Asks: 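Okay, handing you the structure first.
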Protein chains: 2
Amino acid sequence: MAATIKDVARHAGLSIATISKYLNGGHVLDANRVLIDLAVAELEFKVNGMARSLKTSRTMTVGVLIPNLESIFCTSIVSNVENVLQEFGYSTLVCDYRQDPVMERRKLAFLADRQIDGLLMMPLGNDPELLEPLRARNIPHVLIDRPVAGSDCDTILVDNLNASYAAVEHLVVQGHRRIGIIRGPQGIHTAEERLKGYTRVHEDYNLPVEKVLIRNGEYRTEDGYGQMSALLDLDVPPTAIFVTNYEMTLGAVMALNERNVRIPEDLSVIGFDNHSLTSLVKPPLSIVVQPIREIGEMAAQTLLRRMRDDRAGFPILCRMKTQLLLQASVGPPRTP
Amino acid sequence: MAATIKDVARHAGLSIATISKYLNGGHVLDANRVLIDLAVAELEFKVNGMARSLKTSRTMTVGVLIPNLESIFCTSIVSNVENVLQEFGYSTLVCDYRQDPVMERRKLAFLADRQIDGLLMMPLGNDPELLEPLRARNIPHVLIDRPVAGSDCDTILVDNLNASYAAVEHLVVQGHRRIGIIRGPQGIHTAEERLKGYTRVHEDYNLPVEKVLIRNGEYRTEDGYGQMSALLDLDVPPTAIFVTNYEMTLGAVMALNERNVRIPEDLSVIGFDNHSLTSLVKPPLSIVVQPIREIGEMAAQTLLRRMRDDRAGFPILCRMKTQLLLQASVGPPRTP
DNA sequence: TGAAGAGAGCGAAACGTTTCGCGATTGAGG
DNA sequence: CCTCAATCGCGAAACGTTTCGCTCTCTTCA
């Protein structure tokens, strides 16, 4: 059907080897260059990627494994990653595992079986054995956003602890003493770190940590909604709240709107992640901004280097800084 | 490095052909089956996809080309598509073209060159020539959400016209006479259809269409914000507004919040697409709900059939129905 | 003028599968 | 006991590249 390199060779009156050499950037006589270009154009020849891959054992494809394709944080990262990789001729095989550890393994195995040249992943599990399929096949990989304990592995993430610290500290400085936090799932690294930031501020400022103000969520909108409602139902509700991811921030704001809680008069709010969120609610929400673009690009760059067998600095641990975007949603606590 | 089918053959004391046959579902003697299973397990043999693809000329990969990886509508569809395809052993090569017609062509060519078995795309351009690379290589493809004029092509979309009609009609029935619409980009099919629904209602109810109430947007948040603001600045602002996609709805609500416009007392609002949006704002927003999951699944199913050379009903045009989710954001117009 | 060396082209052997056609084995039926 | 058919296994030829090592042709310089 489609023209092969053989056809090009015949058409140009040269050997296959010469065509291949030229196609891969080798030098040929000017006259032959013209001949080949002509033949390629006339036959509409495209190299057959499978055949090439079979010989070179490179597929020019990288896998991207994320917990959720419907989380804006994840897809923004994917988008930036894809942009960088594509410049270098790589395609991205995107999979989400829907926050399910079993599916995570399944899809990881799936990707590993597909002869990808490298993998970027946001792991859910914390078990170094999870990465075994990659090691077994010697597939370079870079973790994003979450480390996997005890695994030597390049990792790009943000300084969640200090991100959280800065947010909570700001609330404390404003005079808040009862600060609620809606934290992420237990065992998830980002969630633990963000909680640590919270407690560390309390330690550093000699404030008691009240268990009841620390609420568990699973990073879902409904958790934000439910836990925010629960906090408001307390005999003495907090005067400020820190919500530790986008979806839960969404939920928390829903709960606040529903009850006509005034921000920041009744409650100061700091959320996480999403820009558009800041201005959707009134007043504009203060948020912790993650350097999403930089994360994606850095992860892609790092993976590219590893795929080039550049092992410099392995394992890299890149901990990026967040930014605290302060807006009108934070004020001093209401004087009782 | 990794074990090949040859190693398995040697280890099991059988021929390559037999191993291959068994691996592909063929029948072998029970005794041999055991031997092969054993060898496969012991050598940790995995078939080499590239070699297989080279022989079968199927890559078990489908491309997915969308305008934007950061639009929830697009990624939700991708997620559902991926889910179905994966069940059948296919991977998805996801690309976004960032709403850029040049990049659209580039990425389409990129995907076509990568020996994909099929392609799903949400086109921006309306030029049948756009799909040429696919036809040239005989790659089955299904369009999602937007048709390409004059191209024989399976297409899965929603009945945008009647979706819009239902929303606007509801506003009319509530008594509204000055209804604003923030429409999408000119030339984009969904946008034109949604506008048609709007004008058709006006025709059917003998209402004048006021040019000034029809606002142009490019489906971006800032357009929703800007055009909503402009509408509010009119000498006689509309009493109801229909916003025709998610991002612009977001923007419009921002503008409304900023100016303390009461919903629905001052203005009735119907938005588009996003569930979480409905309850984030107060009161809950009425929206046009697209059957996102069904679109994704139908598109995937259709593509699967085409890749199986099942040409039944070609070209399919599947126009799905939307649902109008009515909530408190719509009421009768304020009596002046 | 001749030898050395650079540059270019070529043939052939891989890469790891699938598949075609043929030969061998087995079991049943006459 | 012979024949025939059905079943199963095998050898070998692809698939379309890349790449190794060789040959050939010029150029250049002693």
Side-chain angles (χ1 to χ4, degrees), chain A residues 1-40 43-61 89 112-117 136-139, chain B residues 1-40 43-61 89 112-117 136-139:
Chain A
M1 189 79 232
T4 77
I5 201 174
K6 242 182 238 171
D7 303 318
V8 176
R10 199 174 316 127
H11 195 284
L14 292 165
S15 83
I16 291 182
T18 306
I19 312 293
S20 174
K21 186 211 239 179
Y22 173 60
L23 255 31
N24 288 290
H27 214 286
V28 299
L29 292 182
D30 273 6
N32 291 338
R33 189 175 48 67
V34 175
L35 281 175
I36 299 177
D37 283 339
L38 195 76
V40 166
L43 300 171
E44 296 191 325
F45 168 78
K46 314 269 176 193
V47 308
N48 180 317
M50 314 177 233
R52 171 176 283 176
S53 290
L54 180 57
K55 277 304 287 184
T56 61
S57 52
R58 306 180 64 205
T59 54
M60 298 304 283
T61 301
D113 280 350
R114 302 244 9 171
Q115 260 88 27
I116 51 179
D117 290 343
R137 286 186 192 62
N138 228 319
I139 299 173
Chain B
M1 190 80 232
T4 77
I5 201 174
K6 244 182 237 173
D7 302 319
V8 176
R10 200 174 314 129
H11 195 284
L14 293 165
S15 83
I16 291 182
T18 307
I19 312 295
S20 174
K21 187 210 241 181
Y22 173 61
L23 255 30
N24 289 290
H27 215 287
V28 300
L29 292 182
D30 273 6
N32 291 338
R33 189 177 47 66
V34 175
L35 280 174
I36 299 178
D37 282 340
L38 196 75
V40 166
L43 300 171
E44 296 191 325
F45 168 78
K46 314 270 176 193
V47 308
N48 180 317
M50 313 177 233
R52 171 176 284 176
S53 290
L54 180 58
K55 277 305 287 185
T56 61
S57 52
R58 304 181 64 205
T59 54
M60 298 305 282
T61 302
D113 281 349
R114 303 246 5 172
Q115 259 90 27
I116 50 179
D117 290 343
R137 287 186 191 62
N138 228 319
I139 298 172

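In the text below, chain A, chain B and the rest are named by the order of the sequence lines, each starting its count at 1. Fair warning: this is a prediction, and the values are worked out from it, not measured in the lab.
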Asks: What closest approach, in Å, do B/Y22 and B/I36 show between heavy atoms, and which atom pair accounts for it?
Replies: CD2-CG2, 3.5 Å
Asks: Scan nucleotides 15-21 of chain C against the protein and return all N/O pairs shorter than 3.5 Å with their distances rounded to 0.1 Å.
Replies:
from	atom 1	to	atom 2	distance (Å)
C/dT17	OP1	B/N48	N	3.4
C/dT17	OP2	B/I5	N	2.7
C/dT18	OP1	B/N24	OD1	3.3
C/dT18	OP1	B/N24	ND2	3.1
C/dT18	OP1	B/R52	NE	2.8
C/dT18	OP1	B/R52	NH2	3.0
C/dT18	OP2	B/S20	OG	2.5
C/dT18	OP2	B/N24	ND2	3.3
C/dT18	O2	B/K55	NZ	3.4

Asks: From A/I5 CD1 over to A/N48 CG, what is the distance, rounded to the nearest 0.5 angstrom?
Replies: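 The CG atom of A/N48 is 10.5 Å from CD1 of A/I5, to the nearest 0.5 Å.
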Asks: Within the distance-only criterion (no hydrogens, no angle test), does the side chain of A/R114 pair as donor or acceptor with the backbone N or O of B/M60 below 3.5 angstrom?
Replies: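 The answer is yes, because a donor-acceptor pair under 3.5 Å joins these two groups.
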Asks: Does any pair with a residue in residues 16-36 of chain A pass salt bridge (charged side-chain N to carboxylate O under 4.0 Å, His left out), and if so which ones, sequence neighbours excluded?
Replies: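 Salt bridge (charged side-chain N to carboxylate O under 4.0 Å, His left out) check on residues 16-36 of chain A returns A/D30-A/R33, A/R33-A/D37.
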Asks: Would a distance-only check, ignoring hydrogens and angles, find a side-chain to backbone donor-acceptor pair under 3.5 Å from B/S53 to A/M50?
Replies: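 Side chain of B/S53 to backbone of A/M50: no pair is present.
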Asks: First locate atom CG of A/L54, then atom NZ of B/K55, and finally report the distance between them rounded to the nearest 0.5 Å.
Replies: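 That separation rounds to 11.5 Å.
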Asks: When you measure from the side chain of A/N32 to the backbone N and O of A/V28, does any donor-acceptor pair fall under 3.5 Å?
Replies: no
Asks: Identify all pairs in which a protein N or O lies below 3.5 Å from an N or O of nucleotides 23-27 of chain C, and state each distance.
Replies:
none

Asks: For the atom pair CD (A/Q115) and OG1 (A/T59), what is the distance rounded to the nearest 0.5 Å?
Replies: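 It is 7.5 Å, given to the nearest 0.5 Å.
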Asks: What I'd like to find out is whether the side chain of A/D117 reaches to under 4.5 Å of the side chain of A/T61, using heavy atoms alone.
Replies: no
Asks: Could you list, one pair per line, each protein nitrogen or oxygen that sits under 3.5 Å from a nitrogen or oxygen of nucleotides 4-7 of chain D, together with the distance?
Replies:
none

Asks: Can you give the dot-bracket line for DNA chain C, where a pair is Watson-Crick or G-U wobble with both atom distances under 3.5 Å, crossing pairs use [ ], and | marks a partner on another strand?
Replies: ||||||||||||||||||||||||||||||
Asks: Would you please name every residue forming a side chain to side chain contact (heavy atoms under 4.5 Å, CB included) with A/D7, sequence neighbours left out?
Replies: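 Applying side chain to side chain contact (heavy atoms under 4.5 Å, CB included) to A/D7 gives A/A3, A/T4, A/R10, A/L43.
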Asks: Atom CG in B/N24, atom CD1 in B/I19: separation rounded to 0.5 Å?
Replies: 11.5 Å
Asks: Taking C-beta and beyond as the side chain, do A/H11 and A/L35 meet within less than 4.5 Å on heavy atoms?
Replies: no
Asks: When the distance from CG of A/N32 to C1' of C/dC10 is rounded to whole Å, what number comes out?
Replies: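 It is 12 Å, rounded to the nearest whole Å.
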Asks: Starting at atom CG of B/L14, determine the distance to atom C1' of D/dG11, rounded to an integer number of angstrom.
Replies: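 That distance rounds to 14 Å.
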Asks: Roughly how far, to the nearest 0.5 Å, is CD1 of B/I16 from CG of B/L14?
Replies: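 Going from CG on B/L14 over to CD1 on B/I16, the span is 11.5 Å.
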